[in-house]
*Asks:* 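Before we start, here is the structure in question, set down as structure tokens.
Note that these values count all heavy atoms, side chains included, but never hydrogens, waters or copies made by symmetry.
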Amino acid sequence: MRPPVFSTLGCRLNAYETEAMKELAAAHGVEGAVVVNTCAVTAEAVRKAKQEIRRLARENPGAPVIVTGCAAQTEPETFAAMPEVSRVIGNHEKMQPETWIGLQAPDLIGETERVMVDDIMSVKETAGHLIDGFGRHRAYVQVQNGCDHRCTFCIIPYGRGNSRSVPAGVVVEQIRRLVDKGFAEVVLTGVDLTSWGADLPGEPRLGDLVMRILRLAPDLRRLRISSIDSIEADENLMLAIATEPRLMPHLHLSLQHGDDLILKRMKRRHLRDDAIRFCDEARRLRPDIVFGADLIAGFPTETEAMFENSVKLVEECGLTFLHVFPYSARKGTPAARMPQVRGPAIRDRAARLRQAGDAALLRHLAAQRGKVHRILTEGPRIGRTEQFTEVVFAADRAEGAIVETAITGFADGRLLA
């Protein structure tokens, strides 16, 4: 039996879902296929998906190629037209056992069955795929999918559908299983994590979920939250930041820009001062907290002065880890119809924003010299601090342990210990 070859592009949630698909494929005896889980966040991501499909088709001659993920959901016809592709499967369909039962003999796929992509907006139920692990020492738990907001630049709601939440009881039970399996750290993931609970009875908030997990999974050593929308941070989430040492002091913020007019044209729900105020308050509650952020360079109508407001935001919010996205027009989004910034200017601004991010990271690394950190070891010589900063050890350490050690310096964007 030749197991399928899986390739994942894009976000951590996609990587999580690939692990779930591996389990589904194994459970239903799918053999010899190539499965590409695509990303649609930018036009470049779609280009890379096509490139990856062609590469894997060359390396696996004769193997049926199955394409799924957000790009497959938003533009199935693009991938169905590729001669290398045998099947295009939507984001909802890829998580259904019956889909994988039908892929047991993918060489028999008929022309009319090549595309299995239904209306993602009609999906109401939460994801039923819960995997017991992902990674060796840090586990990821998907608690939410989809997004109810319609930022003018974003295609992702059309790939993921509307927001759906996994009930708190289901989340807690999975985390307990993960702790029993020896995982020291769990990361909560989702497309729009701070919207968790809005579709559940009583409309609980993300902070309620965090507090419940920490109360009902007392043996969980570290809980981490992935990307959040800071304007939606609720009272209990701020309380957890202030009072729960097992909640890790690292938040990745969906900021996107530092200029108020651009934020309005993006249809974001916060302004520049809201972002600064949130970071100041979180840092007051938890002085060791660090922030990452998503920022877009070259959004339509962005002037040089507007762009400079994003650069200034890096210091004013005290950001440490930047994900910089050169703006990419996505067909069907309102921003694609706005006056566009020229390509060279977009690339130049993205490079300058990354430079600001590199300088911020260096400041953070330099400030850690001599400090003692609790580090989760991910390999004999590698681990991460509570602030999610990567650490390289001078000597082998036991994997999966949380070790306390002093930082001796830094190199290549990582701490040394």
Side-chain angles (χ1 to χ4, degrees), residues 12 138-144 165 168 171-172 175 179 184-198 203-256 269-294 313-323 360-361 363-364 367-368 371-376 384-389 402 404:
R12 183 63 68 175
R138 176 181 296 107
Y140 292 80
V141 175
Q142 180 185 348
V143 303
Q144 184 273 341
S165 307
V171 174
V172 169
I175 289 174
V179 171
E185 181 175 302
V186 166
V187 185
L188 304 182
T189 68
V191 174
D192 181 29
L193 200 56
T194 33
S195 70
W196 179 88
E203 299 185 3
R205 304 292 300 276
L206 179 62
D208 301 323
L209 177 64
V210 167
M211 297 295 265
R212 184 167 178 177
I213 290 167
L214 292 170
R215 185 177 73 253
L216 298 180
D219 295 330
L220 173 64
R221 299 178 71 183
R222 292 171 39 152
L223 178 66
R224 196 178 292 280
I225 299 173
S226 60
S227 180
I228 69 165
D229 200 336
S230 58
I231 199 70
E232 289 189 321
D234 61 276
E235 188 176 326
N236 266 346
L237 182 57
M238 302 308 288
L239 180 63
I241 290 169
T243 64
E244 292 286 355
R246 290 186 294 149
L247 178 62
M248 293 296 94
H250 167 259
L251 293 174
H252 190 83
L253 309 177
S254 179
L255 297 183
Q256 308 306 348
R269 285 158 298 132
H270 73 275
L271 297 175
R272 171 193 192 81
D273 285 348
D274 296 322
I276 296 169
R277 191 179 305 112
F278 171 83
C279 292
D280 287 345
E281 176 64 6
R283 195 174 288 109
R284 183 186 69 79
L285 296 172
R286 187 79 175 266
D288 60 339
I289 199 166
V290 300
F291 303 106
D294 294 331
L313 193 70
V314 176
E315 187 168 342
E316 290 172 343
C317 280
L319 305 178
T320 298
F321 308 102
L322 293 195
H323 287 177
L361 177 58
R363 289 194 294 271
H364 169 70
Q368 306 314 304
K371 289 186 178 179
V372 174
H373 279 279
R374 289 168 52 81
I375 301 161
L376 173 63
R384 287 189 186 267
T385 69
E386 293 183 335
Q387 288 99 344
F388 210 59
T389 311
I402 295 178
E404 202 167 277

*Asks:* If you look only at pairs with a residue in residues 207-235, which of them pass as a ring-ring contact (aromatic ring centres under 6.0 Å, His included), with sequence neighbours excluded?
*Replies:* none
*Asks:* Can you tell me how far the CZ atom of Arg269 sits from the OG atom of Ser230, to the nearest 0.5 Å?
*Replies:*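 Those atoms lie 9.5 Å apart.
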*Asks:* First locate atom CD1 of Ile289, then atom CD of Glu281, and finally report the distance between them rounded to the nearest 0.5 Å.
*Replies:* 11.0 Å
*Asks:* Between Ile375 and Arg222, which heavy-atom pair has the shortest distance, and what is it?
*Replies:*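 Smallest heavy-atom distance, with atoms named: C-NH1, 4.1 Å.
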*Asks:* Please enumerate all residues that pass side chain to side chain contact (heavy atoms under 4.5 Å, CB included) together with Asp274, with sequence neighbours excluded.
*Replies:*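 With neighbours one apart ignored, the set is Ile231, His270, Leu271, Arg277.
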*Asks:* To the nearest 0.5 Å, what is the distance between CG on Leu251 and CZ on Phe388?
*Replies:* 12.5 Å
*Asks:* Check residues 237-250 and write down every donor-acceptor pair under 3.5 Å in which the side-chain atom is one partner and the other belongs to a residue at least two apart or another chain.
*Replies:*
from   : atom 1 : to     : atom 2 : distance (Å)
Thr243 : OG1    : Leu239 : O      : 2.7
Arg246 : NH1    : Ala217 : O      : 3.1
Arg246 : NH1    : Pro218 : O      : 3.4
Arg246 : NH1    : Leu220 : O      : 2.8
Arg246 : NH2    : Leu214 : O      : 2.5

*Asks:* Check salt bridge (Lys or Arg N to Asp or Glu O under 4.0 Å) between Glu315 and all other residues, then give those that pass, not counting sequence neighbours.
*Replies:*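 Glu315 satisfies salt bridge (Lys or Arg N to Asp or Glu O under 4.0 Å) with no residue once adjacent residues are dropped.
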*Asks:* Shortest non-hydrogen contact from Ala184 to Leu376?
*Replies:*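 Scanning both residues, the minimum pair turns out to be CB-CD1, 3.9 Å.
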*Asks:* State which residue, out of Gln368, Glu386, Arg384, Glu404, fulfils the side chain to side chain donor-acceptor pair (under 3.5 Å) condition with His373.
*Replies:* Gln368
*Asks:* Closest approach of Ala198 and Ser165, non-hydrogen atoms and distance?
*Replies:* N-OG, 4.3 Å
*Asks:* Working to the nearest 0.5 Å, report the span between CZ of Phe278 and CD1 of Ile228.
*Replies:*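 Interatomic distance, Phe278 CZ to Ile228 CD1, rounded to 0.5 Å: 4.0 Å.
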*Asks:* Could you tell me which non-hydrogen atom of Thr385 sits nearest to which non-hydrogen atom of Arg224, and how far apart they are?
*Replies:*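 Heavy atoms of Thr385 and Arg224 come nearest at O-NH2, 3.4 Å.
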*Asks:* Shortest non-hydrogen contact from Ser226 to Leu193?
*Replies:* OG-CD2, 3.7 Å
*Asks:* Taking side-chain hydrogen bond (donor to acceptor under 3.5 Å, both in side chains) as the test, write out the residues that go with Arg283, two or more places apart.
*Replies:* none
*Asks:* Take Leu223 and Val141 through the side-chain contact (heavy atoms from CB on, under 4.5 Å) test and state the conclusion after the steps.
*Replies:* CA-CA 11 Å; Leu223 178 66; Val141 175; over 6 Å; no
*Asks:* If you apply the rule side-chain contact (heavy atoms from CB on, under 4.5 Å), what do you find for His252 with Asp294, and how did you get there?
*Replies:* CA-CA 8 Å; His252 190 83; Asp294 294 331; 2.8 Å; yes
*Asks:* The criterion is side chain to side chain contact (heavy atoms under 4.5 Å, CB included); which residues satisfy it with Arg205, sequence neighbours excluded?
*Replies:*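 If we apply the side chain to side chain contact (heavy atoms under 4.5 Å, CB included) test to Arg205, skipping adjacent residues, the hits are Asp208, Glu232, Asp234.
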*Asks:* Where do Leu253 and Cys279 land on the side-chain contact (heavy atoms from CB on, under 4.5 Å) test, with the steps shown first?
*Replies:* CA-CA 10 Å; Leu253 309 177; Cys279 292; 3.7 Å; yes
*Asks:* Taking only residues two or more places apart in sequence, or in another chain, which ones meet Thr320 in a side chain to side chain contact (heavy atoms under 4.5 Å, CB included)?
*Replies:*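 Testing Thr320 for side chain to side chain contact (heavy atoms under 4.5 Å, CB included), a comparison that skips the adjacent residues, returns Val290, Leu361, His364.
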*Asks:* From Ile402 CD1 over to Arg221 CZ, what is the distance, rounded to the nearest 0.5 angstrom?
*Replies:* 4.0 Å
*Asks:* Rounded to the nearest 0.5 Å, how far does CG of Leu206 lie from CG of Asp229?
*Replies:* 11.5 Å
*Asks:* Which atom names give the shortest non-hydrogen contact between Val314 and Ala360, and what distance separates them?
*Replies:* CG1-CB, 4.0 Å
*Asks:* Ile213 vs Val186, test: side-chain contact (heavy atoms from CB on, under 4.5 Å). Steps then yes/no.
*Replies:* CA-CA 10 Å; Ile213 290 167; Val186 166; over 6 Å; no
*Asks:* Go through the structure and list residues passing side chain to side chain contact (heavy atoms under 4.5 Å, CB included) with Arg212, not counting sequence neighbours.
*Replies:*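 Arg212 satisfies side chain to side chain contact (heavy atoms under 4.5 Å, CB included) with Ala168, Val172, Arg215, Leu216 once adjacent residues are dropped.
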